[in-house]
Each structure stands twice: as structure tokens, then as C-alpha cells.
Number of protein chains: 2
Amino acid sequence: MLSNSSKYALKAVLYLAVNSSQATKIMAKDISEPTNIPKAYLSKILQELSRHNIVSSVRGPGGGFYLSDSNREVHLMDIIHIIDGDNRLTSCMLSLQECNAEHPCPMHDLVGDTKVNFVKNLENTTIEDLVSDIKAGKSFLPL
Amino acid sequence: MLSNSSKYALKAVLYLAVNSSQATKIMAKDISEPTNIPKAYLSKILQELSRHNIVSSVRGPGGGFYLSDSNREVHLMDIIHIIDGDNRLTSCMLSLQECNAEHPCPMHDLVGDTKVNFVKNLENTTIEDLVSDIKAGKSFLPL
DNA sequence: TCCTTTATATGATATTTATCATGTTTCCCT
DNA sequence: AGGGAAACATGATAAATATCATATAAAGGA
């Protein structure tokens with residue numbers, strides 16, 4: 001479904017969303033440990049996200065990663081696009097070019113609206129939305 | 001979503017379902033061409049499927065692959081399981097061990113029932129079901 | 001200014017997935 | 001029998017993904 005890298009990216013960003021702020025930056029190491037993401041790999045992912053303004057960062061002592069207010073308005077799909085590219089989720093079940101409602105592949109209806117809806121959800125949901133759910137006890141931060 | 005190999009497997013089996021019978025066997029090469037699946041790779045996949053009794057085959061002149069009546073009752077998920085293993089589709093969005101309706105990860109609800117339904121469809125749908133759809137003009141054989 | 005601490009950039013290794021190649025077995029045909 | 005046509009088995013290569021390692025740049029404090 002998602003690549004490992006995307007899953008790590010989402011977990012890390014969620015961790016930052018819950019635990020960080022401009023005043024409370026978190027070092028890669030301190031994200032890596034609780035989330036069980038290999039430190040070096042995580043660093044690379046965070047850098048990629050930073051380059052695309054998904055997360056914020058400052059170097060040097062007292063530095064680290066955090067989410068600014070605007071970072072929190074990022075949509076989940078943005079993160080996935082950056083890491084996985086943009087056709088991993090949206091392509092047809094059988095990777096066919098011509099597969100649509102008018103000319104469906106045999107598996108088209110099995111997925112049906114479900115995938116469309118899911119993608120739509122990813123496009124509409126922001127990090128902040130998920131944080132609200134967590135704070136409301138509707139879901140739990142993945143560790 | 002699915003691995004390349006699974007997609008190839010599904011396409012090849014569907015091709016056989018529509019075009020082959022015990023009396024009309026098809027060589028790997030003649031499946032490879034119309035479906036645009038690399039011949040050598042396809043052969044390997046077909047052998048794996050044959051070993052698991054998903055497709056039938058006979059060697060020697062006049063031989064080839066075909067689907068027996070019982071092959072046609074195979075469920076789509078069986079094919080995917082053989083090629084991709086059994087947790088690529090069913091695992092949580094973030095690959096968490098403990099993610100369920102009682103203890104959902106933040107993305108759990110985004111997928112919602114959609115994935116559950118999709119998996120259920122794969123488990124319930126047989127090759128023959130898809131062939132019926134194709135014959136009824138509801139969908140088109142992927143080439 | 002210099003040292004430490006942290007992110008950043010870049011590249012190296014490993015693992016998985018996809019693809020190709022080559023020999024072996026089985027079966028039909030003559 | 002023997003030769004050719006096919007699947008079958010096995011292993012080699014290539015490409016993508018995941019992981020690790022090392023050097024550089026920025027920032028703060030002594």
C-alpha cells in the first residue's frame with residue numbers, strides 16, 4: 001500500500017505533531033527511539049520532508065525538528081507524494097493505463113469507490129485533523 | 001497495492017481463463033505477447049502458480065498452460081497470497097501490530113471499511129466470476 | 001574565536017523485487 | 001528408440017528500496 005518510507009514519514013510527522021512546537025524542538029534521535037524507526041534512515045526522511053517544507057528544523061545546539069502552524073495544515077497525501085511519488089496509490093489495480101469507469105479492468109469494481117474515497121480522504125485530511133482525533137481519544141499515536 | 005508479480009499473475013490467469021481450455025492449451029510465449037509481460041518472468045510466475053494448482057500445465061509438444069474447471073473456482077486472494085504472501089494487503093496502514101477498531105492508529109478511519117471490503121471481495125471472488133463479467137461486457141480483459 | 005551540537009548532503013552497503021539466462025525433464029511424433 | 005517442443009528448476013543479473021556511515025555546514029555557548 002504505502003512504502004516503508006512513507007509509513008516512517010507519517011509516523012514521524014505525527015510524533016512531531018503531538019510532541020513538538022517551535023519552542024520544543026526534537027532531535028532525530030529522540031524521534032527515532034520511541035517510534036522504533038532506525039535513526040539514520042529517519043534522518044534522511046526528515047531531511048527530505050524539511051526540504052519540502054513539511055517539517056521545520058533548526059541546526060546546532062538546542063536545535064531539532066518541529067512542526068510550525070503551517071506545517072500542521074499539510075495534507076497527508078502531500079507527504080505520501082513526496083516520498084512515494086504520485087502513482088503508487090492512484091494507479092489501477094493492474095497498473096493499466098486505460099482503466100476507468102467506462103472501460104474498467106476486471107478488478108475495477110472490486111475496489112470500487114473504496115480506493116477513490118480513501119485517496120480523497122488522504123487529500124483532504126491534514127496533520128492537525130489527526131492530532132485532534134488523537135487528543136479526543138479517537139485514535140492512538142503509533143509507537 | 002499489489003506487487004508487480006501479483007498483477008502479472010492475475011493478468012495471465014485471466015488471459016488463460018478467457019482463452020484456454022483443456023483442449024486449447026497456451027504456451028508461455030503466447031500469453032507473454034498479448035499481455036505485454038516479459039516472457040521469462042511470466043514463465044517463472046506460471047510455474048509457481050502451477051506448483052500451487054492455480055493453473056494447469058502439460059509439457060512437451062502440444063503442451064502449454066490452461067485452466068481446468070476447478071482452477072476457475074480459485075479465489076483471487078489465493079493468487080495474491082501465493083505471490084505476495086499474506087500480510088501485504090491485510091496489514092495496517094502504518095504496519096502496526098496493534099491496530100484495530102478498539103485501538104486504532106490515526107489513519108485507521110481514513111481507510112475505514114473500504115480496505116476490509118476490498119479484501120473480502122478478493123476472498124469471495126473467483127476467476128470464473130470475473131470471466132462472467134467480461135463475457136457480459138461489464139469489464140475488459142487487460143492487454 | 002573555537003568547540004560542541006545538531007541538521008544537511010552525499011555516498012556506500014544491504015536487502016528485496018524484478019528480470020534474464022541456461023540447463024533439465026517430460027512428452028509427443030516419427 | 002531418438003529428436004524436438006514444451007514446461008520446470010535453478011541460478012545469475014539488474015533495478016529499486018531500505019539501511020548505514022561519513023563528512024560538511026550552521027548555530028549556540030564558553
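Every chain is numbered from 1 and lettered A, B, ... according to where its sequence line falls, protein lines coming before strand lines. Quick note: numbers below take in every heavy atom, side chains included, and nothing from hydrogens, waters or symmetry partners. Keep in mind that what you see is a predicted model, and the values were worked out from it rather than measured.
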Does any donor atom in the side chain of A/S6 or A/D84 lie under 3.5 Å from an acceptor atom in the other side chain? yes

Can you tell me if B/E98 has over 12 outside heavy atoms packed within less than 6.0 Å of its CD? no

Side-chain atoms of A/Y41 come closest, of D/dT19, C/dA7, D/dA9, to D/dT19

Nearest-Å distance, CD1 (B/I26) to P (D/dA5)? 20 Å

Is it true that, when you exclude B/E73 itself, more than 12 heavy atoms of the residues, nucleotides or ligands shown sit nearer than 6.0 Å to its CD? yes

Using whole Å, what does the distance between atom P of nucleotide D/dA18 and atom CD of A/Q47 come to? 17 Å

When the distance from CG of B/L42 to P of D/dC8 is rounded to whole Å, what number comes out? 12 Å

Without decimals, in angstroms, what is the distance between A/N4 CG and C/dT17 P? 11 Å

Taking atom types as modelled, find out whether A/Y41 and A/S5 have a side-chain donor-acceptor pair closer than 3.5 angstrom. yes

For A/H75, does its backbone N or O pair with a side-chain atom of A/D78 as donor and acceptor, under 3.5 Å? yes

Write down the distance between CZ (B/R88) and P (C/dT17), rounded to a whole number of angstrom. 7 Å

Is the phosphate of C/dT17 approached by B/S3 (side-chain N or O, under 4.0 Å from OP1 or OP2)? no

Using only heavy-atom distances, determine whether the side chains of A/D129 and A/S132 contain a donor-acceptor pair under 3.5 Å. no

Polar contact flag, side-chain donor to acceptor under 3.5 angstrom, A/T35-A/K11: no

Between CG of A/N87 and P of D/dA16 the distance, given in whole Å, is 13 Å

Would you indicate what A/S43 reaches in the nucleic acid, counting non-hydrogen atoms under 4.0 angstrom: base, sugar-phosphate, or nothing? nothing

Assess whether atom CD of B/Q22 is packed by more than 12 heavy atoms of other residues, nucleotides or ligands within 6.0 Å. no

Readout for nucleotides 21-30 of chain D: B = base within 4.0 Å of protein heavy atom, S = sugar-phosphate only, - = neither; 5' to 3' it is ----BSBS--

Does B/Y8 have a side-chain nitrogen or oxygen under 4.0 Å from the phosphate oxygens OP1 or OP2 of C/dT19? yes

Within less than 4.0 Å of OP1 or OP2 of D/dA7, is there a side-chain N or O belonging to B/S57? no

Do A/S68 and A/N71 pair up side chain to side chain, a donor and an acceptor below 3.5 Å, judged on atom types alone? yes

Would you say a side-chain N or O of A/R51 is under 4.0 Å from OP1 or OP2 of C/dA7? no

Within this structure, what is the CG-to-C1' distance between B/L46 and C/dT19, rounded to whole angstrom? 15 Å

Quick one: bend of the helix from C/dT1-D/dA30 to C/dT30-D/dA1 from 5 pairs per end, to 10°? 10°

